[in-house]
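Just so we're on the same page: letters track the sequence lines, and every chain starts at 1.
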Number of protein chains: 2
Amino acid sequence: MSKEVRTGRRSEPRQPSPHVARKRTLKRHLILESAVRAFAARGFYGTSMDDIAEELHLTRGSLYYYFRDKEEILALCHLAALEAVLDAAERVRGACLPPDETLRRLVVEHVRIQVDKFHGTALALEFDALEPKARATVVAARDRYEETLREILAEGIAAGLFRPVDPKLATFAIFGAINWIGRWYRASGPSSPEEIGTQFAEIFLDGLRAQPGAAPSGGSGQR
Amino acid sequence: MSKEVRTGRRSEPRQPSPHVARKRTLKRHLILESAVRAFAARGFYGTSMDDIAEELHLTRGSLYYYFRDKEEILALCHLAALEAVLDAAERVRGACLPPDETLRRLVVEHVRIQVDKFHGTALALEFDALEPKARATVVAARDRYEETLREILAEGIAAGLFRPVDPKLATFAIFGAINWIGRWYRASGPSSPEEIGTQFAEIFLDGLRAQPGAAPSGGSGQR
DNA sequence: CCTACCGATCGGTAGG
DNA sequence: CCTACCGATCGGTAGG
């Protein structure tokens, strides 16, 4: 918060009152939410600043009071999404569960965050549109998350719990399936985010093929 | 205009010579290939007609001799990709193999087509940009392909070869993983399209989890 | 007369 | 936070 200098008797222009700063932060949140919706629907280049401003009953120009430019809004959308899944990954890993259960929970959490908070398109936005510096920041956060997933897979392989797949390709497959959700998911559809996450985790963990020992249809009573 | 006056008994203006028509068809192919590359790299809205024309040493205006507008180009890119994977699906299904092997081959073929012929982004383009009629055509072809995949899954489930997953969600998972390839694949990377397709098929068919009966690391001599 | 374009510019709209 | 604009660039089309 207030770093060092008390505002003292004179209001410094750099230091708005807490009340004003809070209002500004809230508005920034609203704008980013509107932007995520628009970007998810029509992509970065297909979304105008008017699109983002419109549903907040603002005009295009006002957005530049809150954000430097369109790219900054895109970068912050990405970073918010990545922060959310990185938090989820830390929480899930903190539980110190076996790699398969860790993976299952992370997939479910990631799907839930992606769908509920980012309209299915959290990490699927085009950060190629960002200038090098902002892109580097976003890519670094994305790489941290991908690395977390690869670690979980590597641990599972080392423990003999997972087959010796290529952790990179497996990570891309999982990411792809989750990031693609935004292209087909509709809130009015038959599947809830929880059902999607649970099914996806099941497919990635156990595959489509029935276990050789399992009965085709009648329960084997294993569980 | 003098519509009624025939120019003589030969050379109808509507019917160009076969040689000229062929040249035109070839040129159209070249333009579509350029467009796919550009759309894959920067998306539909991020690509200008100049971008598409540039690498063919044409000017923007010349494209309008070959195509009505930018949307038609996007629609034809989609349809070419869908035609390719639909052909592959027909070929693979024609072999009358068990559902698991059919699925494996189709995933490998789809990945190969997607990467080699469409720069990883064959079915991942934004057809929301199309006007209703063109979009309906593209969506119909895409639905036909998705339906094919769902049928393979349903047959496998009916045969007891696949676990009773939701065929729709499983199809979306497979599509997502494949359509996401364009976001990370680089020809200079370590994995060939064939390796990617093979690994993806393996992950979807058998999952990440090691079989209960299989040895963690030492070969069981099964194969 | 037709083909395959070009140079220039149209009306609109983007980010800022 | 809006109105009034800018430099540039967009998709698309004119005449030759």
Length of the line joining [X]:[atom1] and [N]:[atom2], which is rounded to integer Å:
{"X": "B:L56", "N": "C:dC5", "atom1": "CG", "atom2": "P", "value": "10 Å"}
{"X": "A:L74", "N": "C:dG15", "atom1": "CG", "atom2": "P", "value": "12 Å"}
{"X": "A:I52", "N": "C:dG16", "atom1": "CD1", "atom2": "P", "value": "11 Å"}
{"X": "A:R60", "N": "C:dG16", "atom1": "CZ", "atom2": "C1'", "value": "9 Å"}
{"X": "B:R42", "N": "D:dC10", "atom1": "CZ", "atom2": "C1'", "value": "14 Å"}
{"X": "B:D51", "N": "D:dG11", "atom1": "CG", "atom2": "C1'", "value": "12 Å"}
{"X": "B:D69", "N": "D:dC10", "atom1": "CG", "atom2": "C1'", "value": "14 Å"}
{"X": "B:M49", "N": "C:dA8", "atom1": "CE", "atom2": "P", "value": "20 Å"}

Tell me whether the side-chain N/O atoms of [X] come closer than 4.0 Å to OP1 or OP2 in [N].
{"X": "B:Y64", "N": "C:dA4", "answer": "no"}
{"X": "A:T59", "N": "D:dC1", "answer": "no"}
{"X": "B:K70", "N": "D:dC10", "answer": "no"}
{"X": "B:S62", "N": "C:dA4", "answer": "no"}
{"X": "B:Y65", "N": "C:dA4", "answer": "yes"}
{"X": "B:Y45", "N": "D:dC10", "answer": "no"}

Using the salt bridge (charged side-chain N to carboxylate O under 4.0 Å, His left out) rule, take B:R135 and B:E131 through it: C-alpha gap first, then chi angles, then the decisive distance, then the call.
CA-CA 6 Å; B:R135 183 166 60 232; B:E131 33 114 30; over 6 Å; no
Note, [X] side chain near [Y] side chain (heavy atom, < 4.5 Å):
{"X": "A:F204", "Y": "B:F204", "value": "yes"}
{"X": "A:E202", "Y": "A:R104", "value": "no"}
{"X": "B:Q114", "Y": "B:Y185", "value": "no"}

Less than 6.0 angstrom separating the ring centers of A:H110 and A:Y145, yes or no?
yes
Looking for any heavy atom pair under 4.0 Å, which part of the strands does A:Y66 touch: base, sugar-phosphate only, or nothing?
sugar-phosphate
Is A:L58 touching bases, backbone alone, or none of the nucleic acid, heavy atoms closer than 4.0 Å?
sugar-phosphate
The nucleotide from D:dC10, C:dC5, D:dC5 with an atom nearest the side chain of B:D50 is D:dC10
